[in-house]
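Proteins get letters first, then strands, A, B, ... in listed order; numbering begins at 1 in each.
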There are 2 protein chains.
Amino acid sequence: MLTKEELPFCPVATTVDLIGNKWKLLIMRELLKGTKRFNEIHRLVDGISQKVLTENLRKMENDGIVKREVFPEVPPRVEYSLTELGDSLRPIINSMSDWGTDYIKNNLMEQK
Amino acid sequence: MLTKEELPFCPVATTVDLIGNKWKLLIMRELLKGTKRFNEIHRLVDGISQKVLTENLRKMENDGIVKREVFPEVPPRVEYSLTELGDSLRPIINSMSDWGTDYIKNNLMEQK
DNA sequence: CTGTATCCCAGTGGATACTG
DNA sequence: CAGTATCCACTGGGATACAG
C-alpha cells in the first residue's frame with residue numbers, strides 16, 4: 001500500500017500499513033515485554049507458523065521497528081527487540097490491551 | 001478465531017480479533033467522525049470494494065460495534081454509526097492517528 | 001442507493017522437509 | 001536453534017452483473 005499518492009498522508013492509514021494486521025500486533029505484544037529469541041516468540045504467539053513469523057519479523061525489521069541481533073554461537077542464537085521507533089508504538093498496543101481487558105470483563109465473563 | 005479456548009483471554013488478541021485488520025480500522029476511522037451512509041464510507045475508505053465494505057460492516061454489526069439503520073425511502077438510505085461499544089474503541093484509533101502523525105512528520109517529510 | 005450473487009485470481013499462510 | 005525452500009489449500013478481495 002501507500003503506493004498511490006492519492007493517500008495524502010492519512011495518519012491512521014500510515015499506521016495501519018505498518019502494523020495493521022493480526023500477526024504483527026501479536027508479535028508487538030511480546031516484544032514490548034522485552035527482547036526475545038525466535039523460538040520464544042514462536043511459542044508465545046499462538047498459532048503462528050515459523051514461516052509467517054519469519055516473514056513478519058523481516059518486514060518489521062525493514063520498517064525499522066524491530067532490531068535483529070545474531071549471536072555467532074552453536075547452537076545459533078538470534079534475539080529480537082524493538083527499536084526506538086518500535087517502542088514508540090507502545091501506546092497503541094496498550095490501548096488495545098486496556099480495551100480488551102474491559103471487553104472481556106463486561107462481555108465474556110457474564111457470570112455475575 | 002477465538003475458537004480454541006487455548007487463548008486464555010489475552011486482551012490484545014481479543015481486540016485484534018474484533019478490529020485487527022486494515023479495512024475495519026479504516027472504517028472505524030470514518031465512523032468515529034459521525035454517522036455515515038454506505039456510499040460515503042465507500043468513497044472515503046480509499047480502495048475498498050463494495051463487496052468487502054459490506055462484509056466488514058456486517059461483521060462489525062454482528063460484533064456489536066456498528067449500528068445499521070435502514071430508512072424505507074426511495075432511493076434507499078442506510079446509515080451506519082458506532083454503537084456505544086464501537087465508540088469505546090476511540091482511544092485505540094486515536095493513538096494510531098497520533099503515532100501516524102508523528103511518524104509522517106519525522107520520517108516522510110525529511111525536507112528540513 | 002444499497003445491496004446480493006458469481007466468478008476468479010493472487011496472495012496469505014499452513015505443513016513438511018531440509019540446512020548451517 | 002533459526003531459519004530457507006516447497007508445495008498446496010484456502011480465502012481475501014477485485015470485477016462484473018443483477019435486484020429491491
Side-chain angles (χ1 to χ4, degrees), chain A residues 1-4 6-7 13 16-31 34-63 66-82, chain B residues 1-4 6-7 13 16-31 34-63 66-82:
Chain A
M1 294 150 232
L2 269 181
T3 46
K4 311 181 100 174
E6 56 197 12
L7 292 178
V16 165
D17 279 332
L18 286 180
I19 56 163
N21 83 63
K22 174 185 172 183
W23 296 126
K24 286 183 185 175
L25 288 167
L26 296 179
I27 293 169
M28 286 292 303
R29 177 193 65 190
E30 296 308 325
L31 291 183
T35 298
K36 291 205 159 32
R37 300 180 60 165
F38 184 85
N39 263 2
E40 284 186 275
I41 308 176
H42 190 205
R43 241 179 301 109
L44 292 166
V45 177
D46 189 85
I48 197 169
S49 69
Q50 198 175 37
K51 175 191 170 187
V52 173
L53 176 55
T54 302
E55 287 172 350
N56 278 283
L57 284 171
R58 292 291 177 281
K59 288 177 193 166
M60 294 165 85
E61 197 186 347
N62 288 333
D63 289 336
V66 160
K67 191 180 74 178
R68 180 173 181 266
E69 196 169 4
V70 182
F71 296 83
E73 307 172 356
V74 178
R77 180 161 59 105
V78 179
E79 290 189 347
Y80 291 93
S81 58
L82 293 178
Chain B
M1 297 151 229
L2 269 181
T3 46
K4 310 180 101 176
E6 58 197 11
L7 292 178
V16 166
D17 278 332
L18 286 179
I19 58 164
N21 83 61
K22 175 186 171 182
W23 296 126
K24 285 183 184 175
L25 288 167
L26 296 179
I27 293 169
M28 286 293 302
R29 176 194 66 192
E30 296 308 324
L31 291 183
T35 297
K36 291 205 160 31
R37 299 181 59 167
F38 184 85
N39 263 3
E40 284 185 276
I41 308 175
H42 191 207
R43 242 179 299 110
L44 292 166
V45 177
D46 189 86
I48 198 169
S49 70
Q50 197 175 41
K51 174 191 170 187
V52 174
L53 175 55
T54 301
E55 287 172 350
N56 277 282
L57 284 171
R58 291 292 178 280
K59 288 177 194 167
M60 294 165 84
E61 196 186 348
N62 289 334
D63 289 335
V66 160
K67 192 180 73 179
R68 179 173 182 265
E69 197 168 5
V70 183
F71 296 83
E73 306 172 356
V74 179
R77 180 162 58 106
V78 179
E79 291 189 346
Y80 291 93
S81 58
L82 293 178

Could you tell me how far apart A:N56 (CG) and C:dG11 (P) are, to the nearest whole angstrom?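 So the CG-P distance, A:N56 to C:dG11, works out to 17 Å.
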What is the separation between atom CG on B:L53 and atom P on C:dT2, rounded to the nearest whole Å? 10 Å
In terms of heavy-atom contacts, does NZ of A:K67 have more than 12 from other residues, nucleotides or ligands at under 6.0 Å?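 Atom NZ in A:K67 is not packed in, count stays at 12 or less.
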I'd like to check the side-chain contact (heavy atoms from CB on, under 4.5 Å) partners of A:E61; sequence neighbours left out, ordered by chain and number. A:R58, A:R68
Partner set under side-chain contact (heavy atoms from CB on, under 4.5 Å) for B:L18, not counting sequence neighbours: A:W99, A:Y103, B:D63
Which distance, rounded to the nearest 0.5 Å, do you find between the [atom1] of [X] and the [atom2] of [Y]?
{"X": "B:R37", "Y": "B:T35", "atom1": "CZ", "atom2": "OG1", "result": "12.0 Å"}
{"X": "A:L53", "Y": "A:H42", "atom1": "CG", "atom2": "NE2", "result": "6.5 Å"}
{"X": "A:N39", "Y": "A:L44", "atom1": "CG", "atom2": "CG", "result": "10.5 Å"}
{"X": "B:N62", "Y": "B:L57", "atom1": "CG", "atom2": "CG", "result": "11.0 Å"}
{"X": "A:L25", "Y": "B:N21", "atom1": "CG", "atom2": "CG", "result": "10.5 Å"}

Can you list the residues that meet the salt bridge (charged side-chain N to carboxylate O under 4.0 Å, His left out) rule with B:E40, with sequence neighbours excluded? none
At 10 degrees resolution, what angle do the end axes of the helix from C:dC1-D:dG20 to C:dG20-D:dC1 form when each is taken over five base pairs?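 Axis angle across the helix from C:dC1-D:dG20 to C:dG20-D:dC1, nearest 10°: 50°.
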Protein N or O to nucleotides 3-9 of chain C N or O, pairs below 3.5 Å:
| from | atom 1 | to | atom 2 | distance (Å) |
| --- | --- | --- | --- | --- |
| C:dG3 | OP1 | B:R58 | NH2 | 3.2 |
| C:dG3 | OP1 | B:R68 | NE | 3.3 |
| C:dG3 | OP1 | B:R68 | NH2 | 2.3 |
| C:dG3 | OP2 | B:Y80 | OH | 2.6 |
| C:dG3 | N7 | B:Q50 | OE1 | 3.3 |
| C:dG3 | N7 | B:Q50 | NE2 | 2.7 |
| C:dT4 | OP1 | B:R58 | NH2 | 3.4 |
| C:dT4 | O4 | B:Q50 | OE1 | 3.4 |

Going 5' to 3' along DNA chain D, which nucleotides are the first and last within contact of chain A (any atom under 4.0 Å from a heavy atom)?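 Boundary nucleotides touching chain A, in 5' to 3' order, are D:dC1 to D:dC7.
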Candidate pair B:L82 and B:M28, rule side-chain contact (heavy atoms from CB on, under 4.5 Å), full reasoning: CA-CA 8 Å; B:L82 293 178; B:M28 286 293 302; 3.9 Å; yes
